[in-house]
Number of protein chains: 4
Amino acid sequence: MADKIKPKTRKDLIMDAALCIFAEKGFQNATITEISKEAGVSDATVYEYFGTKEDLLFAIPERITKDTFEASAKVIPYIKGVEGKIRAILLFYIQLYQSNPNYSALVLLQLMSNKRFRQTPAHTAIRKSSHVLLDCIREGIADGTFKKDSNPYLVRSMFMGTIEHLFIHWHMQGMPKRKPSIAELLDPLLEIVFDGIRAKKADSGTTLYLKLEDAGALAKILQKKGGGTTS
Amino acid sequence: MADKIKPKTRKDLIMDAALCIFAEKGFQNATITEISKEAGVSDATVYEYFGTKEDLLFAIPERITKDTFEASAKVIPYIKGVEGKIRAILLFYIQLYQSNPNYSALVLLQLMSNKRFRQTPAHTAIRKSSHVLLDCIREGIADGTFKKDSNPYLVRSMFMGTIEHLFIHWHMQGMPKRKPSIAELLDPLLEIVFDGIRAKKADSGTTLYLKLEDAGALAKILQKKGGGTTS
Amino acid sequence: MADKIKPKTRKDLIMDAALCIFAEKGFQNATITEISKEAGVSDATVYEYFGTKEDLLFAIPERITKDTFEASAKVIPYIKGVEGKIRAILLFYIQLYQSNPNYSALVLLQLMSNKRFRQTPAHTAIRKSSHVLLDCIREGIADGTFKKDSNPYLVRSMFMGTIEHLFIHWHMQGMPKRKPSIAELLDPLLEIVFDGIRAKKADSGTTLYLKLEDAGALAKILQKKGGGTTS
Amino acid sequence: MADKIKPKTRKDLIMDAALCIFAEKGFQNATITEISKEAGVSDATVYEYFGTKEDLLFAIPERITKDTFEASAKVIPYIKGVEGKIRAILLFYIQLYQSNPNYSALVLLQLMSNKRFRQTPAHTAIRKSSHVLLDCIREGIADGTFKKDSNPYLVRSMFMGTIEHLFIHWHMQGMPKRKPSIAELLDPLLEIVFDGIRAKKADSGTTLYLKLEDAGALAKILQKKGGGTTS
DNA sequence: AATGAATGAGGGTTCATTCAT
DNA sequence: TATGAATGAACCCTCATTCAT
């Protein structure tokens, strides 16, 4: 456990400064001079490490995204059940975004709408992770956890869209302290979606939805054997 | 109902051109010269109508958004039931975005992350509409349509986030023809969310989740009186 | 003879200033700021008229060269005899170079060694003029004025090379007043070259080299047969 | 004749690389980084040997020019007759330029128009050689080989200007294989110039120009005493 | 109302050169 | 001696914006 505390290299300093400035003022309104000053180096030094202002921009998520998704990929396989896997993936996202607000501001507000970003390794990592999520959903459909007629793309958009929407609004409002933090909204979110797409079969024996006024009828049913509802 | 076909004013021509260029290249990468050329006027003429480039940017959603939400506001009151109202509101959004891709590209990719946009009349209209949606959700909770413990903010984010996510991805992929158009995904989306937040019983509103192997225990409970929840 | 004195346009002012600065300091060492200041306009104004610093460079000889060679082309046809034509062409060059030292400095010292200049209209005009000169030499060979075995390319290089060499050295020495001006050297130059390539006799054209001390032997030979020419 | 194969020093490597790059892209468009990479050393090493980029530029012709003109100076005195001497000097130039295209490109296209180059030792050597050429011409005038009224400066410019012109064009056209190589044009060049400036006196007894059909007349003349022609 | 013409202000990028190691 | 790392100093070029006509 002997931690090698890597001393921050100049390259790291520049990226840190750039993340800070880009997140605060946007890519176009940030200047190299401002970034280099924040990093404590000269303009020219920035160009020693990054060919272009845009290269610098794209280098930032590359480092962070790579680390995160590698960590994510190591954990996911150990989780059993698609619902648990999905929860884990989304939790990674939320924690990444929440623990590094500058990063999430950058990705969600600057990069997502940048077409050239779609061709960077960082975006490839994001896409890959997004694909893992999609596969989990498909797996859930295949193994009967979720309804057969669920649209996995829609479900993924529901997860990612909701989370991104929450973060975007959080950022646009100046990142106020939230009573229910966004992480705390994950389970309610999952509950709603899973509840909406979960297969509810009587005989297979998973879950039962019933209304209490049917209690009498239910009692009878139960004495015979099983029964369920669907939406 | 004699339609006044308004002849396109110079102002409209400029806004049309600007919408087109802004959507295609982004606000920062668009130039006034390019827009004025597209509009068939001179650079200086643009400044006759709009004080700054940003004023021009903000003027575009103002016109469109206002019209749309006025139309929306007229229709909503006539719809009975929160689920129907919510559906109507979201359909307005989707149709607006889908029928005017340049507009949705502008709003979703350029404006949403612009802090100054939040202080424009156009954003006020959007916020108002967003508030109507929130009110519908709250109404649904209050009238027992939705579960008492639903988080209306989360639910709204689910609706809006999902729809925006679908449109953003559609734009980023070059707006391909989709097999299920985004409009066609509205009902599946609603079904999942409503199913996830709908109160399972009209009068009491509590919900019971149980597993069938507890059927025996349940039968006893039911005979006494009761109910519980599981996730 | 009503002269329209064209007022110098801004474009002309810029080109004049640029010619001046480029000739003095060289293309690479001249700055747009310096030129625009000399022209009494702003940097940006230079770019209103010329897309690039290099465009500005190439625009200068275009104007001058075009005028000169048009004038030249009008006069040449009226001159009879290839020697007269050649003299006229070279005189045009010399007068152009001499009356506009900045221009000749630019062309001879900056542009001649610029590969991209070779693809400009100005260079096309120069090439055309150079071709006219070559044609005159060929014509002289064809019509018996010059020796059949003269190499027209070499002869052209002798004319142009000599003139350019004289001007280059004149420039490199700071354009001193010359006792024999370069124009005054034209006739001596022509005399030497023409004398060297002129056919000594129309019909036979073989050449004899002999030394006078062999006069006695020659006399005998001649009484038997023959006679010849030398170059 | 035991050759000392000098191992290429780092300094030589750098100069070789620089010659190569300068010739190809021009002084201004070449970068130290490019040169040092080509030489296999670091940027800083270049500055170990050469104070500035321009020093490096000027160092290149110094080495080559010195060697050449020393060799030239050793040979010339052994040649009898000014025409032979002139021929030898020009042949040295041509062979130098032709055998080392990068060098000639550098000298003719980059250095000739550089005012500071005129103050370098390399240029002094060139000037010295040029002066030897001038002295030969003067000697020819003085000893009656050439016409008394010949302008030695003009004659020198004719030699040097023609040769340089031929080489410049050869370079600007991408150094194509020439049918008559430039070296092969030397004698035709000399023939034309010498023919144009050679003193042609009957009594002094040098050369005779005559046409064969005049043979009869000539025979008579010769029996009296000499005769010549002029242009 | 409309615009041609002009520009101030600024930004990204390059590169010769330096210097501690 | 050799160099990796760093930078100061420019320069080209862009463009939103202005204003006289």
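So that the names make sense, note that chain A is the first sequence line, chain B the second, and so on, each numbered from 1.
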Residues A/Val41, A/Leu13; criterion side chain to side chain contact (heavy atoms under 4.5 Å, CB included); working and verdict: CA-CA 9 Å; A/Val41 301; A/Leu13 283 175; 5.7 Å; no

Over all atoms of both residues, closest heavy-atom pair of A/Met172 and B/Met112: CE-O, 3.4 Å

Side-chain N or O of B/Arg10 closer than 4.0 Å to phosphate OP1/OP2 of E/dA1: no

Strand DNA chain F as a dot-bracket string - pairs counted if Watson-Crick or G-U with both distances under 3.5 Å, | where the partner lies in another strand: .||||||||||||||||||||

Sugar-phosphate only, base, or nothing, as touched by D/Tyr49 at under 4.0 Å among non-hydrogen atoms: sugar-phosphate

Parallel, tilted or perpendicular: rings of A/His123 and A/Phe117 (30°, 60°): perpendicular

Side chain to side chain, D/Thr120 and D/Arg116, heavy atoms closer than 4.5 Å: no

Separation of F/dA5 C1' from A/Leu13 CG (nearest whole Å): 14 Å

Using a cut-off of under 3.5 Å, enumerate the N/O to N/O pairs linking the protein to nucleotides 18-21 of chain F.
none

Length of the line joining D/Leu56:CG and E/dC15:P, which is rounded to integer Å: 16 Å

Side chain to side chain contact (heavy atoms under 4.5 Å, CB included) against D/Asp12, all qualifying residues, sequence neighbours excluded: D/Lys8, D/Thr9, D/Arg63

Rounded interatomic separation in angstrom, taking CZ from C/Phe50 and P from F/dC13: 13 Å

Over 12 non-hydrogen atoms of neighbours within 6.0 angstrom of CZ in D/Arg127: yes

Close side-chain approach of C/Lys25 to C/Thr31, heavy-atom, < 4.5 Å: no

pair C/Ile35-C/Lys53: side-chain heavy atoms closer than 4.5 Å: no

Closest-nucleotide 5' rank along DNA chain E - winner of A/Glu54 and B/Thr45: B/Thr45

Test item: D/Asp16 and D/Glu38 side chains (from C-beta on) under 4.5 Å apart, heavy atoms: no

Close approaches to DNA chain F from residues 112-122 of chain A, in residue order (heavy atom, under 4.0 Å): none

Sub-4.0 Å heavy-atom contacts from residues 19-42 of chain A onto DNA chain E, ordered by number: A/Ala30, A/Thr31, A/Ile32

Rounded distance (Å) that lies between atom C1' of F/dT1 and atom NZ of D/Lys11: 15 Å

Minimum-distance pair of heavy atoms, taken over all atoms of A/Asn114 and A/Glu54: ND2-OE2, 4.0 Å

Sub-4.5 Å side-chain heavy-atom contact between C/Gln110 and D/Ser113: no

4.5 Å side-chain heavy-atom contact, A/Asn100 and A/Leu19: yes

Of all pairs that satisfy ring-ring contact (aromatic ring centres under 6.0 Å, His included), the ones with a partner from residues 12-53 of chain B, not counting sequence neighbours: B/Phe22-B/Phe27

Position toward the 5' end of DNA chain F (nearest nucleotide), B/Thr52 or C/Thr52: C/Thr52

